[in-house]
Amino acid sequence: MGLSSPTKAEASATEAQSGTAASPSGLRRSMEARHLVMIAMGGVIGSGLFVSSGYTIATAGPLGAVLAFLIGAVVVYLVMACLGELAVAFPVSGAFHIYAARTIGPATGFATAWLYWLCWAVALGSEFTAAGLLMQRWFPGVDVWIWCFIFATVLFTLNAISSRVFGESEFWFALIKVAAVVGLIILGGAALAGFHPLASGDYPSFGSNFSTPDGLFPNGFTGVFVTCLAVFYAFSGSELIGVAAGETANPGANIPKAMRTTVIRLMIFFVGAITVIAATIPYEKVSVDESPFVTVFSMLGIPYAADIMNFVIITALLSAGNCGLFSCARMLFSLADEGHAPQVFKKLTKRGIPMVALCVSMLGGLASLISSVVAPATVYLVLVSVAGFATVGVWMSIVASHFIYRRTFVRNGGDVNTLPYKAPLFPLVPILAFALCVVSLIGIAFDPNQVAALLFGVPFVGACYAFFYFKYGRRRSLKKALDA
């Protein structure tokens with residue numbers, strides 16, 4: 001099965017490439033390349049870099065952490081290359097769910113969409129809770145739930161006005177985070193080179209922390225391997241460009257530009273930041289209770305470093321939540337457009353916003369938030385485990401869809417040179433990306449901290465397939481029999 005038989009959401013490809021005001025599905029094409037780049041950056045740059053990078057360095061060692069992030073960057077490039085070709089050829093909302101349905105099978109598309117929706121719904125609850133807790137630094141007398149309610153209201157409003165308002169708000173949200181990362185790389189790099197006028201005491205020189213008493217890899221390559229799994233999750237969100245493809249003006253030009261820019265910036269920002277942090281803070285002294293960004297800026301002597309980074313991290317959390325709410329709504333809209341969810345999710349406002357899907361997605365995020373408080377060891381553990389599993393599962397779906405799409409395109413007489421954008425080194429790129437994703441899933445089974453992702457994730461996917469078969473599969477089989 002290929003993408004040669006598009007639904008009405010995929011129709012009028014020529015019109016889509018020309019950048020008209022509305023996509024065939026009714027969503028407005030109002031976002032530019034700069035919006036796409038910042039949406040992807042906003043979805044990726046978050047607590048995984050600002051907070052969890054300390055754990056990465058402590059587990060893999062300084063050089064091991066840099067190596068793990070380099071591997072993660074390579075995998076992101078491979079996945080984005082595959083997604084880029086599909087998104088340009090068929091710029092629809094909820095893109096990779098559509099691709100999986102058309103190439104692998106409708107049940108796979110259904111499972112992919114629900115995996116991704118649950119992933120971001122859980123993330124919403126986590127972002128609201130974390131942001132509320134961080135606000136306690138400045139307003140200790142205000143309950144966390146009040147901040148959660150305020151943040152949820154703000155993000156819902158930004159998403160409910162128009163896709164362009166969402167894109168513009170995410171542009172500025174992400175810009176704050178990017179400025180913090182760039183500041184760390186420039187100021188931290190200068191300090192490692194010897195320029196640190198505000199720092200007190202001895203400051204490490206570049207490379208001095210990489211040679212540890214226990215060797216270059218203090219916890220062996222096992223530490224690096226386990227860290228790679230967490231790094232994959234840290235890079236999740238880059239695929240948001242595919243989700244927003246249906247609301248992008250002139251997708252033939254803007255999507256490839258956004259893909260290239262995003263991959264290059266992510267490699268520079270993530271690898272550059274982790275290199276500076278690892279070279280500055282001795283790995284045995286990295287604190288998992290404090291953001292490494294706070295530690296580095298404090299060592300540099302930057303005034304009010306902790307308050308500045310508290311603001312930046314709150315912005316990062318809200319940015320990720322903003323992207324997550326957008327993604328959840330578009331996935332429900334896309335499922336309804338395919339006939340695999342209630343048709344009420346297809347209803348659009350005058351500004352082209354799927355409001356019912358947006359409301360249900362916000363309710364899903366709030367339910368996740370409540371479960372994180374009421375049942376953190378049971379319900380929330382299951383949700384978080386499936387969400388973590390979903391990242392790699394969705395990436396596998398994307399690269400498998402691309403592999404099948406390209407083979408079907410050529411088999412049907414298509415000329416690869418006519419494609420507006422094509423992934424390089426086919427079929428090596430999708431095969432290598434799929435293999436690395438499979439290896440990461442196998443590795444989860446050997447990590448006690450992450451094995452729950454398989455224990456809950458695999459049954460969840462199985463339940464999605466079973467539900468699809470009983471709800472939709474038998475209906476289609478009966479229709480075919482009657483037609484015959």
Side-chain angles (χ1 to χ4, degrees), residues 1-14 16-17 24 74-113 115-116 232 238-239 241-243 245-246 251-252 255-256 258-260 263 334 337-338 340 390-442 461 464-465 468-469 473 476 480:
M1 183 182 296
L3 284 171
S4 56
S5 301
T7 63
K8 66 176 183 178
E10 298 162 338
S12 305
T14 303
Q17 297 297 329
V74 169
V75 174
V76 167
Y77 166 75
L78 297 175
V79 174
M80 294 284 276
C82 296
L83 179 59
E85 181 174 325
L86 293 169
V88 171
F90 298 90
V92 294
S93 184
F96 41 79
H97 142 65
I98 299 291
Y99 308 148
R102 290 289 168 271
T103 57
I104 305 172
T108 301
F110 179 82
T112 299
L115 265 175
Y116 203 65
F232 275 30
S238 54
E239 69 285 337
I241 289 178
V243 178
I255 291 176
M259 294 281 184
R260 289 190 296 268
V263 171
S334 183
D337 200 40
E338 288 286 284
H340 296 154
T391 299
V392 175
V394 168
W395 285 4
M396 292 171 66
S397 171
I398 291 171
V399 298
S401 297
H402 171 252
F403 179 81
I404 297 173
Y405 160 71
R406 176 75 78 85
R407 286 173 60 90
T408 303
F409 178 78
V410 173
R411 187 168 58 247
N412 291 340
D415 183 359
V416 175
N417 295 321
T418 63
L419 294 174
Y421 174 81
K422 57 185 177 183
L425 301 177
F426 183 87
L428 177 62
V429 165
I431 291 176
L432 181 59
F434 192 88
L436 290 172
C437 288
V438 170
V439 168
S440 72
L441 289 181
I442 294 174
V461 172
C464 287
Y465 274 93
F468 182 89
Y469 172 74
R476 292 190 176 189
K480 288 182 178 179

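Applying the side-chain hydrogen bond (donor to acceptor under 3.5 Å, both in side chains) test to Thr108 and every residue at least two apart in sequence or in another chain returns Tyr465. Every residue two or more places apart in sequence or in another chain that forms a side chain to side chain contact (heavy atoms under 4.5 Å, CB included) with Phe434 is listed here: Met396, Val399, Ala400, Val438. Under the rule for a ring pair (Phe, Tyr, Trp, His ring centres under 6.0 Å), Tyr77 has no partner lying at least two apart in sequence or in another chain.
Summarising the geometry, atom OG belonging to Ser334 is positioned 12.5 Å from atom OH belonging to Tyr116; distances are rounded to the nearest 0.5 Å. Note: Ile104 CD1 to Thr112 OG1 = 6.5 Å, rounded to the nearest 0.5 Å. Here the straight-line distance linking atom NE2 of His402 with atom CZ of Phe426 works out to 6.0 Å at 0.5 Å rounding.
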> Is there a side chain to side chain contact (heavy atoms under 4.5 Å, CB included) between Ser401 and Leu86 once you walk through the steps?
Replying inline: CA-CA 8 Å; Ser401 297; Leu86 293 169; 4.1 Å; yes
> Is there a side chain to side chain contact (heavy atoms under 4.5 Å, CB included) between Leu436 and Leu78 once you walk through the steps?
Replying inline: CA-CA 10 Å; Leu436 290 172; Leu78 297 175; 4.3 Å; yes
> side chain to side chain contact (heavy atoms under 4.5 Å, CB included) between Thr418 and Phe409: does it pass, once the steps are laid out?
Replying inline: CA-CA 11 Å; Thr418 63; Phe409 178 78; 4.1 Å; yes
>> Using side chain to side chain contact (heavy atoms under 4.5 Å, CB included), reason through Tyr99 and Ile404 one step at a time and then give a plain yes or no.
In response: CA-CA 10 Å; Tyr99 308 148; Ile404 297 173; over 6 Å; no
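Among all heavy-atom pairs drawn from His97 and Gly109, the shortest one is ND1-O, 2.9 Å. Shortest non-hydrogen contact noted between Val79 and Ile398 is O-CG2, 4.1 Å.
For residues 416-442, there are no salt bridge (charged side-chain N to carboxylate O under 4.0 Å, His left out) pairs, not counting sequence neighbours. Residue pairs meeting the salt bridge (charged side-chain N to carboxylate O under 4.0 Å, His left out) criterion with at least one partner in residues 425-440, sequence neighbours excluded, do not occur; the list is empty. Under the salt bridge (charged side-chain N to carboxylate O under 4.0 Å, His left out) criterion, the residue pairs touching residues 391-410 are Glu85-Arg406, with sequence neighbours excluded.
Side-chain atoms of Asn412 do not come within 3.5 Å of backbone N or O of Gly414 as any donor-acceptor pair.
Thr103 has its side chain out of reach of Phe403: every pair of non-hydrogen atoms, C-beta onward, lies at least 4.5 Å apart. The side-chain heavy atoms of Val75 and Trp395, taken from C-beta on, include a pair separated by under 4.5 Å.
Using a 30° and 60° split on the angle between ring planes, Phe468 and Phe110 fall in the tilted class, from 30° to 60°.
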